[in-house]
Amino acid sequence: MNDIDPSTLSIVLPARYESRNLVTLLPALRVTFPAAEIILVDDASTDDTPQICAAHGIRRLHNVQQIGNGASIKRGARAASGETIVFMDADGQHMPQHVVQLLERFANEDLDMLVGARPLACHAGRLRRWGNVAFNLLASWMTHQRILDLTSGLRVVRARPFREFLHLLPNGFSYPTTSTMAFLRSAYTVGYERIEVQQRQGSSHLNIWREGVRFLLIIFKIGAMYSPLKLFATISALLFVLATVLYGYTYFESGRFTNMSALLYMTSLLTFLIGMVSEQITSLMYAQRDDQR
């Protein structure tokens, strides 16, 4: 942390019913980073979180009703005064030494975002583990960069560029995905540092089936945000191939061109045109943001 002034560092933790972890995590953070600004965004918890924050001099922002992990991150980012912001989970997986590890590299490299990448075995549950693998592969394909962990909640960012994308971040649990893709789309530098996270303490607030549906939606959101033409052109090509295979089969089988083949060809064309329009809209959106800096 040679080049990072501790007085310009903010640490933001979203938390909901995490008092059993905060009682050890917050004093450890305060000892490790005595000069840093530590902000805990309490997402409508009714446990001992207020008392724990007060006992250790932690700034607490209280959401009067539950607004979500991503919304808490946005509120914490707006309130943070530091030039460098650390986001970390309060569920016991991330420890102060992980933050030290990331900050040491962040200070010595020209990075705008550094993400703590978890080993595959550290992801809770087989379904979530392979879902995250699919996330990483999709994002790597879209960006032509190797992405080690698209959904990690531990990251160090430069405050100014991160705040540029607050309006894009969802209020739910997919803010890491969206922020990473937005940084890459705008040609900010993103790095990954492998960390060994701890076993999560307590139960997750994620509903695996509901989040599974959101996962499918986020896949399309990633494509629409980063390179919509690449996503839609691929889908269009698959539909075109399917239409051609069906047409070949029906032609040799009964000598005719079916309505289903025609529908698939039309759908392929429309999908490609949607991708073209989406690409232009995305390019204009990021160009306007560059002009406003």
Side-chain angles (χ1 to χ4, degrees), residues 1 4-103 106 113-116 118 124 151-159 162-163 166 169-176 179 195 197-206:
M1 294 186 294
I4 297 181
D5 183 353
S7 65
T8 66
L9 175 66
S10 296
I11 301 174
V12 175
L13 304 90
R16 177 169 171 80
Y17 293 112
E18 299 289 1
S19 60
R20 60 181 295 183
N21 301 314
L22 296 176
V23 72
T24 55
L25 176 59
L26 292 185
L29 279 174
R30 178 54 72 201
V31 170
T32 308
F33 305 100
E37 175 186 51
I38 303 177
I39 300 174
L40 184 135
V41 186
D42 182 0
D43 197 19
S45 303
T46 56
D47 55 11
D48 295 332
T49 297
Q51 293 83 355
I52 297 171
C53 289
H56 301 287
I58 306 299
R59 182 182 177 188
R60 170 177 168 266
L61 303 179
H62 179 232
N63 301 333
V64 294
Q65 59 185 7
Q66 183 181 1
I67 60 176
N69 178 269
S72 297
I73 286 290
K74 289 189 280 189
R75 187 177 182 193
R78 292 190 185 101
S81 61
E83 299 174 2
T84 302
I85 305 178
V86 174
F87 296 105
M88 62 184 300
D89 295 335
D91 58 9
Q93 294 188 79
H94 304 151
M95 306 300 291
Q97 56 266 33
H98 297 146
V99 178
V100 172
Q101 180 180 342
L102 264 64
L103 287 174
F106 192 79
M113 175 185 288
L114 180 60
V115 180
R118 301 159 293 178
T151 61
S152 172
L154 176 62
R155 55 193 59 216
V156 184
V157 303
R158 299 195 189 280
F162 187 84
R163 292 194 182 101
L166 288 184
L169 304 185
N171 288 344
F173 282 94
S174 60
Y175 99 86
S179 60
I195 58 169
V197 298
Q198 308 298 309
Q199 185 67 34
R200 191 194 195 285
Q201 302 298 315
S203 60
S204 172
H205 301 303
L206 285 171

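In this chain, numbering begins with 1 at the start of the sequence shown.
- Using modelled atom types, no side-chain atom of S45 and backbone atom of D47 make a donor-acceptor pair closer than 3.5 Å.
- Considering CD of E18 and CG of L26, their distance stands at 11.0 Å, rounded to 0.5 Å.
- Using a 4.5 Å cut-off on side-chain heavy atoms (C-beta onward), L154 and D89 make no contact.
- Among all heavy-atom pairs drawn from C53 and L40, the shortest one is SG-CD2, 4.0 Å.
- Between N63 and V41 the shortest side-chain heavy-atom distance falls below 4.5 Å.
- Checked against salt bridge (charged side-chain N to carboxylate O under 4.0 Å, His left out), R60 has the following partners two or more places apart in sequence or in another chain: D42.
- The shortest heavy-atom contact between L166 and K74 is O-CD, 3.1 Å.
- Using modelled atom types and a 3.5 Å distance limit, the side chains of E37 and S10 yield a donor-acceptor pair.
- With values rounded to the nearest 0.5 angstrom, T8 atom OG1 is found 11.0 Å from I85 atom CD1.
- Considering only heavy atoms from C-beta on, H56 stays 4.5 Å or farther from L29 through its side chain.
- Going from atom OH of Y175 over to atom CG of L169 covers 8.5 Å, rounded to the nearest 0.5 Å.
- In terms of heavy-atom proximity, A36 sits nearest to I11 at CB-CD1, 4.5 Å.
- Here the CD1-CD distance, from I195 to Q97, works out to 10.0 Å after rounding to the nearest 0.5 Å.
- Counting heavy atoms from C-beta on, the side chains of L61 and I39 come closer than 4.5 Å.
- When all heavy atoms are compared, the tightest approach of S19 to I52 is O-CD1, 3.5 Å.
- Residues T32 and P96 share a closest heavy-atom pair of OG1-CB, 3.6 Å.
- Side chain of D43 to main chain of G68: a donor-acceptor pair is present (N/O by atom type, distance under 3.5 Å, no hydrogens or angles).
- Using a 4.5 Å heavy-atom cutoff, the side chains of S72 and N171 are not in contact.
- The backbone N or O of M113 lies less than 3.5 Å from no partner atom in the side chain of R158, so there is not a single donor-acceptor pair.
- Between L103 and V86 there is a side-chain heavy-atom pair separated by less than 4.5 Å.
- Between the CD1 atom in I38 and the CE atom in M88 there is a gap of 9.0 Å [rounded to 0.5 Å].
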side-chain hydrogen bond (donor to acceptor under 3.5 Å, both in side chains) evaluation trace for Y17 with T49 = CA-CA 8 Å; Y17 293 112; T49 297; over 6 Å; no
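- Listed by first and then second residue, the ring pair (Phe, Tyr, Trp, His ring centres under 6.0 Å) pairs that reach into residues 67-94 are F87-F162, sequence neighbours excluded.
- Under a cut-off of 6.0 angstrom, the local environment of CD in E83 is sparse, with at most 12 non-hydrogen atoms contributed by other residues, nucleotides or ligands.
- The shortest side-chain heavy-atom distance between L114 and R155 does not fall under the 4.5 Å cut-off.
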